[in-house]
Amino acid sequence: MMRAAIVEAVIEPAALIAEVSAETNGAISMFLGTVRSLNNERDVGGIEYSAYSQMAESEMSAILVEASSRFGIRHAVIEHRVGTLRVGDVSIAVVVAAPHRAPALDATRYIVDETKVRAPIWKLEHYTDGAREWVGAGATG
Amino acid sequence: MTITVRLFASYAEKLGATEMTLDLEEGSTVADALRQVASMPGGSHLPPSPLVAINLSYARPASALSRGDELAIIPPVAGG
């Protein structure tokens with residue numbers, strides 16, 4: 001099974017592990033991205049994530065298909081949360097199961113790395129000094 | 001022909017809208033649409049060649065537009 005979703009609810013890692021588990025799989029690899037308290041030496045109070053949800057899910061689904069082709073995996077799920085997240089909250093979870101660890105680990109990294117550069121998702125960081133800033137806004141498209 | 005333009009994040013803030021309708025000549029490209037958006041209040045804040053998508057797929061300035069298309073102008077992405 002392969003599933004990609006933009007979600008608003010809190011991400012539940014245990015549920016995602018259960019989703020990809022199968023008797024034929026001897027390895028489960030998980031990546032969790034969490035909101036950290038410091039970014040570029042500024043104290044972060046929280047992050048607002050937003051997305052072009054339909055396209056983000058489409059891109060993430062395409063990335064899963066690519067990972068399947070490259071690494072031979074058949075069980076993977078990715079969820080990216082949107083809305084207002086606090087420090088410590090999980091923003092993204094990628095879970096991959098495979099018979100052996102190498103494909104599971106390699107596919108996990110590929111899915112995370114590709115999602116970060118392709119999925120139309122944005123972060124508005126709120127700092128403890130009251131300022132707010134769009135992450136990456138200084139870059140050009 | 002009429003298309004829908006979707007804006008997000010910093011671009012939506014600059015233009016004060018998340019969605020708009022554009023009236024374009026038949027055969028117009030993404031570049032033609034971007035020129036029109038750039039001429040609107042706040043539009044000068046858009047970069048010369050932003051990321052764009054047509055109907056949920058990444059596209060290029062030279063990509064042709066058709067009636068009813070959804071053109072998204074995509075700020076630098078920052079997921080994960």
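Convention: sequence-line order gives letters A, B, ...; per-chain numbering from 1. Source: prediction; values computed, not measured.
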CZ/A/R109: more than 12 non-hydrogen atoms of other groups inside 6.0 Å: no
A/L16 with A/V20, same ILVMFWY side-chain cluster at under 4.5 Å: yes
Heavy-atom distances under 4.5 Å only: say whether A/I121 touches chain B with side chain, backbone, both or neither. both
Can you tell me how far the CD atom of A/E57 sits from the CG atom of B/L56, to the nearest 0.5 Å? 10.5 Å
Less than 4.5 Å to any heavy atom of chain B: does that hold for the side chain of A/V82, its backbone, both, or neither? neither
Does CG belonging to A/N40 count more than 12 external heavy atoms closer than 6.0 Å? no
Region of A/E48 that comes under 4.5 Å of a non-hydrogen atom in chain B: neither
Work out which heavy atom in A/V117 is nearest to a heavy atom in B/V77; give both atom names and the distance. O-CG2, 3.6 Å
Atom CZ of A/R74 with >12 non-hydrogen neighbours under 6.0 angstrom: no
Applying side-chain contact (heavy atoms from CB on, under 4.5 Å), run through A/M55 and B/I74 and close with a yes or a no. CA-CA 11 Å; A/M55 183 177 169; B/I74 296 174; 3.9 Å; yes
hydrophobic_cluster_shared for A/I63 and A/M2, side chain cutoff 4.5 Å: yes
Cluster check A/V90, A/F31: I/L/V/M/F/W/Y, side chain < 4.5 angstrom: no
Within a 6.0 Å radius of atom CZ on B/R60, are there more than 12 heavy atoms belonging to other residues, nucleotides or ligands? no
Is A/Y52 close to chain B through its backbone or its side chain, or both, or neither, when contacts mean heavy atoms under 4.5 Å? both
Checking A/Y49, A/W122, A/W134 against B/F8 for ring-ring contact (aromatic ring centres under 6.0 Å, His included), the one that qualifies is A/W122
Could you look at A/S91 and say if it's the side chain, the backbone, both or neither that has a heavy atom under 4.5 Å from chain B? side chain
Is A/H80 reaching over with its side chain to a backbone N or O of B/G79, donor-acceptor style, under 3.5 angstrom? no
Would you compute the distance between atom CD of A/E133 and atom OG of B/S10 and round it to the nearest 0.5 angstrom? 10.5 Å
Any chance CD of A/E19 has more than 12 other-residue heavy atoms, nucleotides or ligands included, within less than 6.0 Å? yes
